[in-house]
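We number each residue from 1, following the sequence as shown. Quick caveat: nothing in here was measured; it's all calculated off a predicted structure.
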Amino acid sequence: MGVKTLKEAKVGDTVRVVKLHGQGAVKRRIMDMGLTKGVEVQTRKVAPLGDPIEVTVRGYELSIRKADAELIEVESL
């Protein structure tokens with residue numbers, strides 16, 4: 001499969017983080033949430049209007065904004 005972003009992952013998909021885009025504080029915040037290169041992420045739910053997206057990462061549930069999810073490049077497992 002081609003490269004996609006976390007925003008494009010379907011509910012129930014498990015993906016691996018390949019690369020983080022974004023600069024400075026935004027990238028740092030994403031990394032602080034546990035979303036780092038190589039980590040597996042499972043998409044749990046998407047809010048009715050598509051924002052935010054709920055994922056499971058490193059054993060805990062995390063809600064992430066669509067704008068931030070677009071900065072996270074992932075690959076399917």
Is there a side-chain contact between Thr56 and Val41 in this structure, where contact means two heavy atoms from C-beta onward sitting under 4.5 Å apart? no
Are Asp13 and Lys4 within salt-bridge range, i.e. N to O under 4.0 Å? yes
Work out which heavy atom in Val39 is nearest to a heavy atom in Gly34; give both atom names and the distance. CG1-O, 3.8 Å
With clusters defined by side-chain heavy atoms of hydrophobic residues (ILVMFWY) lying less than 4.5 Å apart, directly or transitively, does Ile53 cluster with Val26? yes
Begin with the C-alpha distance, continue with both residues' side-chain angles, and end with the deciding distance and a verdict on side chain to side chain contact (heavy atoms under 4.5 Å, CB included) for Ile30 and Leu71. CA-CA 9 Å; Ile30 291 170; Leu71 300 173; 4.1 Å; yes
One pair to check against side-chain hydrogen bond (donor to acceptor under 3.5 Å, both in side chains): Thr36 and Arg58. What are the steps and the verdict? CA-CA 10 Å; Thr36 55; Arg58 298 180 191 265; 2.5 Å; yes
Hey, are Arg29 and Asp68 close enough for a salt bridge, meaning a charged N less than 4.0 Å from a carboxylate O? yes
Have a look at Val55 and tell me which of Leu62, Ile72, Thr14 forms a side chain to side chain contact (heavy atoms under 4.5 Å, CB included) with it. Leu62
Grouping I, L, V, M, F, W and Y whenever their side-chain heavy atoms are under 4.5 Å apart, do Val11 and Ile64 come out in a common cluster? yes
Does the side chain of Thr5 reach to within under 4.5 Å of the side chain of Val74, using non-hydrogen atoms? no
Applying salt bridge (charged side-chain N to carboxylate O under 4.0 Å, His left out) to Arg16 and not counting sequence neighbours gives Glu40, Glu75
Do Val18 and Lys37 come within less than 4.5 Å of each other through their side chains, counting heavy atoms only? no
Testing Glu73, Glu70, Lys27 for side-chain hydrogen bond (donor to acceptor under 3.5 Å, both in side chains) with His21, which one passes? Glu73
Using modelled atom types and a 3.5 Å cut-off, is there a donor and acceptor pairing between side-chain atoms of Asp51 and backbone atoms of Arg65? no
